[in-house]
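What follows is a single structure, written as structure tokens, with notes after it.
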Amino acid sequence: MAIRLPDGTVREYPQGTTVREVAQDIGGRTALEALVARVNGRLVDLFYRLEEDAEIELLTPATDAGLEVLRHSTAHVMAQAVKRLFPEARLAIGPPIENGFYYDFDLPRALTPEDLERIAAEMRRIISEDYAFSRQEMDREQAIQFFRDRGESYKVEILEELDDPRPSIYQQGEFIDLCRGPHIPSTGRIKAFALRSVAGAYWRGDSHRPMLQRIYGTAFATQEELDRYLELLAEAERRDHRRLGRELDLFSFREEAPGFVFWHPKGYQLYRTLVDFSRELQEPRGYLEVSTPWIYRTTLWETSGHWQHYKDNMFLIDADGDRMGVKPMNCPGHCLLYSQKVHSYRDLPVKFAEYGPLARFEASGTLHGALRVRGMHQDDAHIFLREDQIEEQIREVLELVDAIYSAFGMAYTIKLSTRPDEYMGELETWEKAEAALVRALEAAGREYTVNPKDGAFYGPKLDFDVTDALGRKWQCATVQLDFQFPERFDLYYVDRDGSHKRPVMIHRAIMGTLERFIGILVEHFAGAFPVWLAPVQVRVLPIGSDHVAYAARVRAELANAGVRAELDDRNEKIGYKIREAQVQKVPYMLVVGGKEVEAATVAVRHRRAGDQGSMPLATFIERIRHEIDSRSLD
RNA sequence: GCUGGCGUAGCUCAGUCGGUAGAGCGACGCACUCGUAAUGCGUAGGUCACCGGUUCGAGCCCGGUCGCCAGCUCCA
């Protein structure tokens with residue numbers, strides 16, 4: 001039979017040759033380091049027997065697929081260790097995930113960090129014992145009986161719902177598990193792993209099913225790569241917005257108001273800078289900023305459909321017998337506002353923007369600093385338009401998204417989220433909306449992936465995942481196309497021929513929730529904001545008390561030039577003042593002493609580049625103004 | 001909401017066997033008038049998350065509540 005290799009060469013082997021034998025024949029590093037192989041596009045073990053002509057590719061842990069298999073096998077080794085230490089443990093599932101793997105167990109008691117140590121030690125023993133992985137297929141009924149005899153009720157449940165008539169099981173040493181495979185050749189091939197944490201997880205992700213214990217771990221091809229990954233996690237911890245928010249005096253949280261943010265003056269400065277930026281971009285595009293009520297009678301929520309689809313996430317108030325709900329979204333209010341007057345086809349699109357407060361009753365366990373809150377503000381807007389304007393308006397929004405994210409140096413990807421199971425309106429309308437979004441994306445030449453069933457209850461949406469400086473993804477922007485609200489609110493415009501037509505609506509937020517977006521920015525920039533965003537752009541540091549008066553004049557001139565500047569006139573050594581400004585990540589420090597007073601200059605120190613030498617104040621102002629106005633990311 | 005863990009000064013943490021609480025940093029005061037990442041000395045600061053129980057006596061043991069953390073579910 002003919003075996004074709006990725007480099008295009010074709011070699012002849014007798015039928016029944018294993019992939020491993022082919023690898024040995026080829027030789028070289030890839031063959032030596034290969035963990036699994038892809039044969040005609042399908043992943044297989046190295047002991048797989050080739051029976052006919054095939055294209056094969058050997059996969060080392062340097063490939064995504066190879067690394068994934070390595071992690072999957074490490075999960076099996078972990079399960080083996082758990083079984084050795086806790087023979088009564090029942091196995092659930094143990095897949096590889098992004099950056100690692102997990103395995104869920106039903107255990108008689110809660111695991112402690114010490115248990116993780118013991119499990120890791122047992123894993124190291126299993127790795128040094130170097131058991132080969134083997135594969136066996138059996139009839140489904142036989143497999144069910146096999147796992148039932150071993151008391152593995154979760155495996156039995158999986159098998160009972162499995163389509164495969166001949167499921168496979170894998171074995172290494174004494175450990176046997178139901179598994180599709182493939183796996184690495186032997187446990188000794190695991191070179192670097194770490195167990196990270198234990199947490200509860202529902203069987204099959206269903207909150208009505210038993211809670212299992214999930215152990216998270218990770219594995220890499222080499223110790224260096226593992227160390228690099230662990231260092232990335234440590235860096236993420238150092239950048240945690242909850243910690244930096246406190247240290248930089250941006251915001252705080254109190255148990256008196258779980259899920260709400262207290263914005264300190266510096267944090268709120270940042271917040272205002274973002275809103276100003278949003279206005280600056282939206283006003284030229286015809287957005288009209290409005291403010292609408294934040295508490296409405298439930299009758300409005302019934303009209304909008306929130307009562308039926310979103311009630312559990314709403315703060316409800318009994319106001320003297322009147323049932324009212326705090327708004328989780330602005331759309332119903334904007335619909336009422338739209339219906340306040342008669343619109344001509346010529347007036348469309350009408351774009352209402354609002355930055356006001358919203359409240360969503362999020363489950364207590366989901367709250368997370370500023371990233372997941374109950375009280376929020378969005379750079380929200382609703383566009384009322386004619387059907388023939390959909391493509392052009394979606395394109396304009398896409399272009400706005402681009403303008404905003406590029407200002408923060410953030411790349412992003414687009415997801416198209418389609419009709420969820422619990423949806424409102426007609427199937428036909430949904431299909432029309434989904435098709436319109438696809439057309440707009442394609443016309444704009446944007447790449448996107450499809451995220452099935454993740455749309456809002458009133459329409460399909462485009463979600464934007466931004467990637468931060470540590471490579472983590474966050475969902476911020478959302479653009480939703482909606483045919484339902486105009487219907488429910490009986491909105492119309494007067495068309496050319498005088499008839500009443502139904503407008504379409506686009507719901508859109510770019511930064512999304514500002515609380516969340518600022519949390520992301522704090523972590524993205526590690527608190528060292530570019531000058532245009534920095535709450536304090538300059539701190540003026542007089543060396544002695546004789547220089548305070550001059551320093552105060554410098555600060556005032558900076559303020560006149562629209563630069564946010566502070567004066568540190570405390571009676572401290574210059575080194576101490578500099579250290580404090582550095583720790584606060586203030587972009588520029590202006591040191592002024594006798595020489596500067598004399599020459600009417602300032603000695604400029606940049607938080608990263610250090611001492612920049614002296615220059616006339618006007619020169620510095622010109623430079624920093626340019627940096628601010630151009631929204632430089634340096 | 002669920003599972004597990006945690007809650008002591010503004011922050012980070014110590015507190016032994018149950019005997020009424022401590023450090024460093026920060027804050028404040030005083031002195032020092034200083035040239036690019038920490039001057040010295042002193043002072044104040046605690047309902048040990050909250051409520052209840054056991055005990056002669058609870059930061060410590062038990063129960064409940066709240067909050068936070070890691071996940072799950074949900075999601076911007």
Side-chain angles (χ1 to χ4, degrees), chain A residues 102 104 107 109-113 115 196-216 237 240 242-243 246-247 249 252-259 310 312-313 328-329 358 360-374 376-380 417 420 454 456 461 463-466 474-478 480 507-517 519-520 541-548 570-584 589-596 603-607 610-614:
Chain A
Y102 68 78
D104 286 346
L107 287 163
R109 65 170 176 84
L111 293 173
T112 64
D115 290 326
R196 298 200 40 223
S197 60
V198 198
Y202 300 112
W203 169 234
R204 307 214 136 166
D206 182 342
S207 56
H208 303 292
R209 308 290 302 264
M211 174 72 75
L212 307 173
Q213 293 190 68
R214 174 171 298 178
I215 305 179
Y216 283 92
E237 201 170 319
D240 190 310
R242 291 165 295 190
R243 173 204 187 102
R246 186 178 60 233
E247 289 173 2
D249 199 16
S252 58
F253 304 92
R254 300 270 312 201
E255 71 174 72
E256 286 85 345
Y310 208 77
D312 291 347
N313 279 297
M329 300 177 193
L358 302 171
R360 298 182 186 174
F361 185 77
E362 301 292 348
S364 59
T366 63
L367 302 177
H368 183 83
L371 297 179
R372 190 70 196 277
V373 292
R374 284 176 174 164
M376 67 197 76
H377 300 75
Q378 298 185 321
D379 61 333
D380 196 19
S417 297
D454 205 33
K461 57 181 182 166
D463 287 319
F464 297 73
D465 282 334
V466 308
W474 307 91
Q475 193 191 312
C476 298
T478 176
Q480 305 166 357
H507 307 238
R508 44 113 294 185
I510 318 276
M511 299 179 205
T513 296
L514 292 165
E515 281 78 1
R516 174 181 167 81
F517 193 66
I520 292 166
L541 311 176
I543 286 175
S545 53
D546 291 349
H547 319 121
V548 170
R570 292 173 307 169
N571 198 4
E572 296 290 350
K573 284 178 69 176
I574 193 67
Y576 181 83
K577 293 183 185 181
I578 286 171
R579 183 187 146 76
E580 287 228 322
Q582 286 284 156
V583 168
Q584 290 293 305
M589 287 149 268
L590 297 185
V591 177
V592 296
K595 281 181 274 181
E596 287 73 24
V604 177
R605 182 190 163 96
H606 184 264
R607 69 179 163 207
D611 195 346
Q612 305 290 289
S614 289

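Being a predicted model, the structure only gives us computed values, none of them experimental. Every chain is numbered from 1 and lettered A, B, ... according to where its sequence line falls, protein lines coming before strand lines.
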What nucleic acid atoms does [X] come within less than 4.0 Å of, heavy atoms only: base, sugar-phosphate, or nothing?
X        : result
A:Tyr216 : sugar-phosphate
A:Gly544 : base
A:Arg607 : nothing
A:Gly610 : nothing
A:Lys595 : base
A:Arg360 : base
A:Gly205 : sugar-phosphate
A:Gln213 : nothing
A:Gly593 : base
A:Glu515 : nothing
A:Leu367 : sugar-phosphate
A:Gln584 : nothing
A:Ala603 : base

When the [atom1] atoms of [N] and [M] are considered, how many whole Å apart are they?
N     : M     : atom1 : answer
B:G42 : B:A37 : P     : 28 Å
B:U65 : B:G5  : P     : 15 Å
B:C48 : B:A9  : C1'   : 10 Å
B:U20 : B:C2  : C1'   : 39 Å
B:G22 : B:U47 : P     : 15 Å
B:G63 : B:U16 : C1'   : 26 Å
B:G45 : B:U8  : C1'   : 14 Å

Atom-pair distance ([atom1] on [X]; [atom2] on [N]), nearest Å:
X        : N     : atom1 : atom2 : answer
A:Leu111 : B:G71 : CG    : C1'   : 14 Å
A:Asp463 : B:A76 : CG    : P     : 6 Å
A:Arg372 : B:C68 : CZ    : C1'   : 16 Å
A:Leu541 : B:A38 : CG    : C1'   : 14 Å
A:Met376 : B:C75 : CE    : C1'   : 10 Å
A:Ile215 : B:A70 : CD1   : C1'   : 14 Å
A:Met329 : B:A76 : CE    : P     : 8 Å
A:Glu237 : B:C69 : CD    : P     : 13 Å

For [N], take OP1 and OP2 only and decide whether either is under 4.0 Å from a side-chain N or O of [X].
X        : N     : answer
A:Arg243 : B:C69 : no
A:Lys577 : B:A38 : no
A:Arg374 : B:C75 : no
A:Gln475 : B:A76 : yes
A:His547 : B:U33 : no

Between [options], which nucleotide gets closest to the side-chain atoms of [X]?
X        : options             : result
A:Arg605 : B:A37, B:A76, B:U3  : B:A37
A:Ile543 : B:G71, B:A76, B:G35 : B:G35
A:Val373 : B:G1, B:C69, B:A76  : B:A76
A:Tyr202 : B:A76, B:U12, B:G1  : B:G1
A:Gln582 : B:U39, B:A37, B:U3  : B:A37
A:Asn571 : B:U73, B:C34, B:A76 : B:C34
A:Arg516 : B:A76, B:G71, B:G1  : B:A76
A:Glu255 : B:G67, B:G71, B:A76 : B:G67
A:Arg570 : B:C68, B:U33, B:A27 : B:A27
A:Thr366 : B:G1, B:U36, B:C69  : B:G1

**Prompt:** Could A:Arg214 and A:Tyr102 be counted as a cation-pi pair, given that NZ or CZ must be under 6.0 Å from the ring centre and within 45° of the axis?
**Reply:**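 Judged by the rule, A:Arg214 and A:Tyr102 form a cation-pi pair.
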
**Request:** Run the numbers on A:Val604 and A:Leu590 for side chain to side chain contact (heavy atoms under 4.5 Å, CB included), then give the verdict.
**Result:** CA-CA 5 Å; A:Val604 177; A:Leu590 297 185; 3.7 Å; yes

Considering every strand shown, what is the Watson-Crick or G-U wobble mate of [N] when both distances are under 3.5 Å?
N     : value
B:G52 : B:C62
B:C74 : none
B:G42 : B:C28
B:C6  : B:G67

Test item: [X] and [Y] side chains (from C-beta on) under 4.5 Å apart, heavy atoms:
X        : Y        : answer
A:His507 : A:Lys461 : no
A:Arg516 : A:Gln475 : yes
A:Asn313 : A:Pro328 : no

**Message:** If I compare all heavy atoms of A:Leu367 with all of A:Glu362, which pair ends up nearest, and what's the gap?
**Reply:**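 Answer, listing the atom of A:Leu367 first, then A:Glu362: CD2-CB, 4.0 Å.
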
**Prompt:** Looking at A:Thr478 and A:Phe464, what are the two nearest heavy atoms and their distance?
**Reply:**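 Smallest heavy-atom distance, with atoms named: N-CD1, 4.4 Å.
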
**Item:** Position toward the 5' end of RNA chain B (nearest nucleotide), A:Thr513 or A:Asp206
**Value:**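 Its nearest nucleotide being more 5', the pick is A:Asp206.
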
**Request:** For A:Arg196 and for A:Val604, locate the closest nucleotide of RNA chain B by heavy-atom distance; then report the residue assigned to the nucleotide nearer the 5' terminus.
**Result:**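 First, find each residue's nearest nucleotide; the 5'-ward one identifies A:Val604.
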
**Item:** side-chain contact (heavy atoms from CB on, under 4.5 Å) partner of A:Ile578, the single match among A:Glu572, A:Arg607, A:Met589
**Value:**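 Only one option passes, and that is A:Met589.
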
**Message:** With a 3.5 Å cut-off and heavy atoms only, can you find an N or O donor on one side and an acceptor on the other between the side chain of A:Glu580 and the base of B:G26?
**Reply:**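 Under the 3.5 Å cut-off, the side chain and the base do not form any donor-acceptor pair.
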
**Message:** Test side chain to side chain contact (heavy atoms under 4.5 Å, CB included) on A:Glu237 and A:Arg243; report intermediate values, then the result.
**Reply:** CA-CA 9 Å; A:Glu237 201 170 319; A:Arg243 173 204 187 102; 5.6 Å; no

**Asked** Roughly how far, to the nearest 0.5 Å, is the CD atom of A:Glu247 from the CG atom of A:Asp240?
**Response**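 So the CG of A:Asp240 and the CD of A:Glu247 are separated by 10.0 Å.
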
